[in-house]
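What follows is one structure encoded as structure tokens, with my remarks underneath.
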Amino acid sequence: PTKDLSDVDGDRAAGRRSFAIVYGESVAWRVPAVTACGLAVAFCVAGAFLAPSLIWPATVMLGGALVIAAVCLSRASRGCRRRRRRPYRVFMATQFLAHFSVLPALCTHF
């Protein structure tokens with residue numbers, strides 16, 4: 001849903017039924033914040049108990065989730081289209097960092 005947050009006005013004008021239009025913008029801004037944090041905490045717990053080598057990627061993901069939550073729930077992502085894209089840009093940066101942080105764990109297994 002973070003990718004659609006910057007295009008709500010265009011989606012509405014085009015008659016699209018995106019998540020933000022169907023459930024409302026206030027819900028659409030809260031869902032990524034809650035979902036990202038919940039998934040990151042679950043990843044940290046799973047990493048700690050099931051795959052300790054994944055604790056760094058889980059920690060990176062948790063940090064990114066907290067930034068996504070802060071951006072989604074603050075005025076930092078309100079206003080112009082560029083600012084409304086911030087949650088998605090943070091999400092993508094988090095994905096890149098989490099994937100790169102897996103590399104050391106993979107290198108130790110080979």
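When side chains are defined from C-beta on, Cys72 counts as touching Pro32, because their heavy atoms get closer than 4.5 Å. In this structure, the side chains of Arg84 and Val8 come closer than 4.5 Å at one or more pairs of heavy atoms.
Under the 4.5 Å side-chain heavy-atom criterion for ILVMFWY residues, a single connected hydrophobic cluster contains both Tyr88 and Val67. At a threshold of 4.5 Å between side-chain heavy atoms, the hydrophobic network of Ile, Leu, Val, Met, Phe, Trp and Tyr places Val27 and Val34 in two separate groups. Linking Ile, Leu, Val, Met, Phe, Trp and Tyr residues whenever their side-chain heavy atoms come within less than 4.5 Å leaves Met92 and Leu5 in two separate clusters.
In plain terms, the two heavy atoms of Ala65 and Ala36 that are nearest each other are CB-O, 3.4 Å. Counting all heavy atoms, side chain and backbone alike, Cys37 lies closest to Ala69 at SG-CB, 3.9 Å. The two residues Ala48 and Ile55 come nearest to each other via the heavy atoms N-CD1, 4.0 Å. Contact detail for Val71 and Arg78: the closest heavy-atom pair is O-NH1, 4.2 Å. For the pair Ile21 and Arg12, the tightest heavy-atom approach, listed with the atom from each and the gap, is CD1-N, 3.3 Å. Nearest heavy atoms, Trp29 versus Ser77: CZ3-OG, 3.2 Å.
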Could you check Phe43 against Leu54 for side chain to side chain contact (heavy atoms under 4.5 Å, CB included), going step by step and ending with a plain yes or no? CA-CA 9 Å; Phe43 188 22; Leu54 293 179; 4.3 Å; yes
Determine, step by step, whether Asp9 and Arg81 satisfy the side chain to side chain contact (heavy atoms under 4.5 Å, CB included) criterion, reporting the C-alpha distance in whole Å, the side-chain angles of both residues, the deciding distance to 0.1 Å, and the verdict. CA-CA 10 Å; Asp9 294 334; Arg81 187 172 192 273; over 6 Å; no
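The neighbour count for Arg89 CZ, taken as heavy atoms of other residues, nucleotides or ligands under 6.0 Å away, is above 12.
A side-chain contact (heavy atoms from CB on, under 4.5 Å) with Met61 is found for exactly one of Leu97, Leu66, Leu39, Val41, namely Leu39. A side-chain contact (heavy atoms from CB on, under 4.5 Å) with Pro57 is found for exactly one of Pro104, Cys44, Ser101, namely Ser101.
Side chain of Arg17 to backbone of Val22: no donor-acceptor contact under 3.5 angstrom is found.
Interatomic distance, OG of Ser18 versus OH of Tyr23, reported as 11.0 Å (0.5 Å rounding).
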